[in-house]
Amino acid sequence: MEIVTRVNGGSVDITVIGTIKSISDGQSIKDSIKKVFENDNQAVVNLHIKDSFIITSSVIGFLIKLIKIDKRTLFVHIKSAELYSMLEDMSLLDSMNVRKG
C-alpha cells in the first residue's frame, strides 16, 4: 500500500493506492490525515481509496470521529464498488461522507 498526499489550494488530497491489508496500513492512513489537521485544523481533506476493497474498522472509527465529533471537513472517495457497497450495507455512507469515484 502507498499513500500520496497532495495540496490543492484550500484542500488536501490523500490517495491510498493498493489494498489496505494490515493494522500498520490503517495506522499509516490515520497518521497521514492527522498530520494534515495538525498543520491546518480547518483543512478540507479528500481521502481517495483507489484500489482497496476493504478498510479496517479502526480507520472507519477514526474517520467517523473526525467528521462527527471533531467536526473536521473530510470526504472519502471510494473507487471499489465492493467497498462502496459494504459501507452502504453498514449505513456508513453519510457518517463517513462517502462519495463514489
Side-chain angles (χ1 to χ4, degrees):
M1 186 200 77
E2 178 185 357
I3 298 174
V4 177
T5 302
R6 188 176 73 234
V7 178
N8 284 333
S11 68
V12 178
D13 290 332
I14 298 174
T15 304
V16 178
I17 302 164
T19 303
I20 303 165
K21 297 181 197 173
S22 66
I23 293 170
S24 65
D25 288 345
Q27 189 61 49
S28 295
I29 293 168
K30 294 189 291 187
D31 290 345
S32 296
I33 295 169
K34 283 179 191 174
K35 187 174 181 179
V36 171
F37 286 125
E38 285 172 0
N39 290 332
D40 179 4
N41 66 359
Q42 299 299 315
V44 175
V45 173
N46 291 293
L47 176 63
H48 299 272
I49 300 177
K50 292 276 188 183
D51 306 310
S52 193
F53 57 93
I54 57 174
I55 187 170
T56 62
S57 59
S58 67
V59 171
I60 291 172
F62 173 77
L63 296 173
I64 292 171
K65 178 188 175 294
L66 278 177
I67 294 165
K68 297 297 182 185
I69 296 172
D70 298 342
K71 304 294 185 198
R72 302 288 189 230
T73 306
L74 186 141
F75 299 95
V76 182
H77 303 269
I78 305 286
K79 182 132 179 138
S80 164
E82 188 176 356
L83 179 55
Y84 185 89
S85 179
M86 181 191 75
L87 294 173
E88 183 176 37
D89 290 347
M90 296 171 69
S91 300
L92 292 174
L93 297 181
D94 289 335
S95 301
M96 292 175 53
N97 291 334
V98 175
R99 310 284 188 264
K100 281 186 181 179

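Among I55, I60, V98, the single residue meeting the side chain to side chain contact (heavy atoms under 4.5 Å, CB included) criterion with L92 is I60. For the side chain to side chain contact (heavy atoms under 4.5 Å, CB included) test with V76, the passing option among L63, N97, L93 is L63; the others fail.
V4 and I14 fall into different hydrophobic clusters, where Ile, Leu, Val, Met, Phe, Trp and Tyr are joined by side-chain heavy atoms under 4.5 Å apart, directly or via other members. Residues M90 and I49 are members of one and the same hydrophobic cluster, defined by side-chain heavy-atom contacts under 4.5 angstrom among Ile, Leu, Val, Met, Phe, Trp and Tyr. The hydrophobic cluster containing L47 also contains L87, counting ILVMFWY residues as joined when their side-chain heavy atoms lie under 4.5 angstrom apart, directly or transitively. Connection of I17 to I33 is not established within any shared hydrophobic cluster, with ILVMFWY side chains joined at heavy-atom distances below 4.5 Å, either directly or through further cluster members. Note: the hydrophobic cluster containing V36 also contains I3 (ILVMFWY, side chain heavy atoms under 4.5 Å, direct or indirect links).
Side-chain contact between V45 and R72 is absent, with no heavy-atom pair separated by less than 4.5 Å. By the 4.5 Å heavy-atom criterion applied to side chains, K79 and D51 are not counted as neighbours. Within the 4.5 Å cutoff, the side chain of K35 has heavy atoms near those of the N39 side chain. No side-chain heavy atom of I23 sits less than 4.5 Å from a side-chain heavy atom of T56. Considering only heavy atoms from C-beta on, I29 stays 4.5 Å or farther from S32 through its side chain.
Atom CD of E38 is separated from atom CG of D31 by 9.0 Å, given to the nearest 0.5 angstrom. The distance from atom CG of N46 to atom CG of L74, rounded to the nearest 0.5 Å, is 7.5 Å. Here CG of L66 is found 10.5 Å from CE of M96. Values are rounded to the nearest 0.5 Å. H48 NE2 to D13 CG: the interatomic distance, rounded to the nearest 0.5 Å, is 4.0 Å. The OG atom of S80 sits 11.0 Å away from the NZ atom of K100 when rounded to the nearest 0.5 Å. The CD1 atom of I64 lies 12.5 Å from the CG atom of D70; values are rounded to the nearest 0.5 Å.
Residues forming a side-chain hydrogen bond (donor to acceptor under 3.5 Å, both in side chains) with E2 (at least two apart in sequence, or on another chain): none.
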**OP:** Verify side chain to side chain contact (heavy atoms under 4.5 Å, CB included) between V59 and I20, making sure each step is shown before the conclusion.
**Re:** CA-CA 10 Å; V59 171; I20 303 165; 5.6 Å; no
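Residue-environment remark: CD1 (I54) exceeds the threshold of 12 foreign heavy atoms within 6.0 Å. Within 6.0 Å of CZ on R99 lie more than 12 heavy atoms contributed by other residues, nucleotides or ligands. In this structure, K34 places its NZ atom where more than 12 heavy-atom neighbours from other residues, nucleotides or ligands lie under 6.0 Å away.
The minimum heavy-atom distance between T19 and M1, with the atom names listed, is O-CB, 3.7 Å. What you find for I78 and Y84 is that their closest heavy atoms are CG2-N, 3.7 Å.
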